[in-house]
Amino acid sequence: MPVPLKRVLVFGANSALAQAALRELVTRGASVYCVGRDPARLQAVLADLRVRAGPQRVVAGEAADLLEIARHPALFAAAEARLGKLDAVLIAHGSLPDQVRCESSVDEALAAISVNAMSVVSLLTIAANVFEPRGRGVIVAISSIAGDRGRRRNYVYGAVKSLVSTFLQGLRLRLEPKGVRVINIKPGFVRTPMTAHLPSVGPLWADPPRVGAAIARAMERGRGVVYVPWFWYWIMLIVRHLPHFLFRRLRF
Ligand SMILES: NC(=O)c1ccc[n+]([C@@H]2O[C@H](COP(=O)([O-])OP(=O)(O)OC[C@H]3O[C@@H](n4cnc5c(N)ncnc54)[C@H](OP(=O)(O)O)[C@@H]3O)[C@@H](O)[C@H]2O)c1
């Protein structure tokens with residue numbers, strides 16, 4: 001049964017994928033509390049959403065660096081103070097680390113793990129403990145197809161997305177019997193600022209609106225794991241099962 005999404009808290013609201021999802025959510029009637037790191041960009045995101053949402057709904061938010069983990073509980077409290085009891089939380093921030101730099105710098109690798117995994121685990125844990133006693137709620141995080149198998153060209157990013165995916169898998173088993181939905185969005189290649197340095201032509205590349213619509217749909221329907229676009233499910237099924245002697249010959 002579709003879940004009504006009236007009050008949604010979004011972390012990483014300045015990201016291209018979160019913006020696309022936010023547009024879908026406000027168009028479908030949600031009030032939203034947006035947490036973005038860059039204050040100026042956040043104001044622009046809020047202004048755009050207010051135009052789309054109309055006067056009936058609340059569009060609010062605040063700037064925060066999500067590496068400041070001690071601030072996380074206060075961000076949930078601020079969202080509920082503004083919107084009322086939340087229906088859903090979407091976690092959509094992240095960074096694409098430079099794999100070569102990570103190979104020679106432990107600090108670089110650990111920084112990627114902090115932003116993509118540790119801050120996400122903190123937010124997921126708080127969201128779980130907010131929703132579990134209420135027996136309802138939707139928790140969504142964006143991981144990636146990169147987490148499905150380690151590749152030589154991006155195994156640090158792949159490893160953090162894999163951590164998030166495994167965490168969500170277990171969290172879903174814990175919370176589903178309590179009435180809380182836990183959703184893992186696994187996009188393929190999407191044209192966003194994060195991938196702007198890559199050649200982004202070809203049928204495997206998607207644009208943010210497609211992913212945003214898929215996120216909003218998944219939140220309403222409560223599907224557990226969603227590959228976006230759908231064909232990545234089949235590609236990654238093959239990639240996961242390729243034997244090592246074949247996989248190592250692939251140049252990616
Ligand atoms: N693009 C793809 O092909 C692709 C594929 C699979 C998964 N994903 C995942 O989708 C999510 C969104 O990425 P995107 O493609 O939309 O990239 P994006 O537009 O570059 O957005 C990344 C966002 O992360 C935010 N961020 C980074 N570090 C932060 C921190 N410490 N605290 C708070 N916010 C922080 C940035 O905030 P500010 O702008 O405020 O600095 C930025 O808006 C990420 O988790 C990414 O890994 C993307």
Side-chain angles (χ1 to χ4, degrees), residues 9-24 33-46 48 61-72 75 89-99 108 110-124 140-149 151 153-154 156-165 167-168 183-202 204-215 218 225-229 231-233 235-236 252:
L9 167 59
V10 178
F11 294 100
N14 290 342
S15 77
L17 297 189
Q19 286 182 55
L22 278 160
R23 286 179 189 151
E24 287 285 335
Y33 195 85
C34 301
V35 178
R37 181 174 53 178
D38 182 292
R41 208 171 298 150
L42 180 65
Q43 288 313 316
V45 170
L46 294 176
D48 171 75
E62 68 184 288
D65 185 333
L66 294 171
L67 286 172
E68 293 173 36
I69 285 180
R71 267 187 84 182
H72 290 184
L75 296 171
V89 172
L90 167 63
I91 301 169
H93 66 291
S95 69
L96 180 60
D98 183 316
Q99 173 65 33
E108 196 89 24
L110 294 183
I113 291 169
S114 294
V115 69
N116 289 294
M118 287 170 65
S119 68
V120 175
V121 164
S122 165
L123 295 170
L124 286 172
V140 192
I142 304 181
S143 70
S144 170
I145 57 160
D148 279 18
R149 190 161 185 179
R151 294 195 291 124
R153 285 203 188 159
N154 77 343
V156 174
Y157 181 70
V160 288
K161 292 303 189 180
S162 176
L163 184 152
V164 169
S165 289
F167 193 95
L168 288 168
I183 300 168
N184 182 359
I185 304 289
K186 293 189 176 186
F189 306 144
V190 193
R191 294 179 193 93
T192 70
M194 184 177 281
T195 55
H197 59 293
L198 301 173
S200 61
V201 282
L204 294 182
W205 282 84
D207 287 309
R210 182 168 184 181
V211 182
I215 293 172
V225 181
V226 181
Y227 286 83
V228 193
F231 54 74
W232 283 105
Y233 171 83
I235 295 174
M236 296 318 293
F252 61 83

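The first residue of the sequence shown is numbered 1, and numbering continues consecutively from there. Quick caveat, the model's predicted, so the values are computed rather than measured. Atoms within a ligand are numbered from 1 in the order they appear, just like the ligands themselves.
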> Can you name the residues that form a salt bridge (charged side-chain N to carboxylate O under 4.0 Å, His left out) with Arg191, not counting sequence neighbours?
Asp207
> Name the residues with a heavy atom less than 4.0 Å from ligand 1?
Asn14, Ser15, Ala16, Leu17, Arg37, Asp38, Arg41, Ala64, Asp65, Leu66, Leu67, Ala92, His93, Gly94, Val115, Ile142, Ser143, Ser144, Tyr157, Lys161, Pro187, Gly188, Phe189, Val190, Thr192, Pro193, Met194, Thr195
> What pairs with Asp48 under salt bridge (charged side-chain N to carboxylate O under 4.0 Å, His left out), at least two apart in sequence or on another chain?
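Asp48: salt bridge (charged side-chain N to carboxylate O under 4.0 Å, His left out) contacts with Arg23, Arg52.
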> So for atom CE, which belongs to Met118, do other residues, nucleotides or ligands contribute more than 12 heavy atoms lying within a distance under 6.0 Å?
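Incorrect, the count does not exceed 12.
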> Which atom pairs, donor and acceptor, lie under 3.5 Å between side-chain atoms of residues 35-43 and protein residues at least two apart or in another chain?
{"from": "Asp38", "atom 1": "OD1", "to": "Ala40", "atom 2": "N", "distance (Å)": "3.1"}
{"from": "Asp38", "atom 1": "OD1", "to": "Arg41", "atom 2": "N", "distance (Å)": "2.8"}

> Kindly assign one of parallel, tilted or perpendicular to the pair Trp232 and Phe189, based on the angle between their ring planes and the thresholds 30° and 60°.
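Answer is perpendicular, since the angle exceeds 60°.
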> Thinking salt bridges, do Asp148 and Lys186 make one under a 4.0 Å N-O criterion?
yes
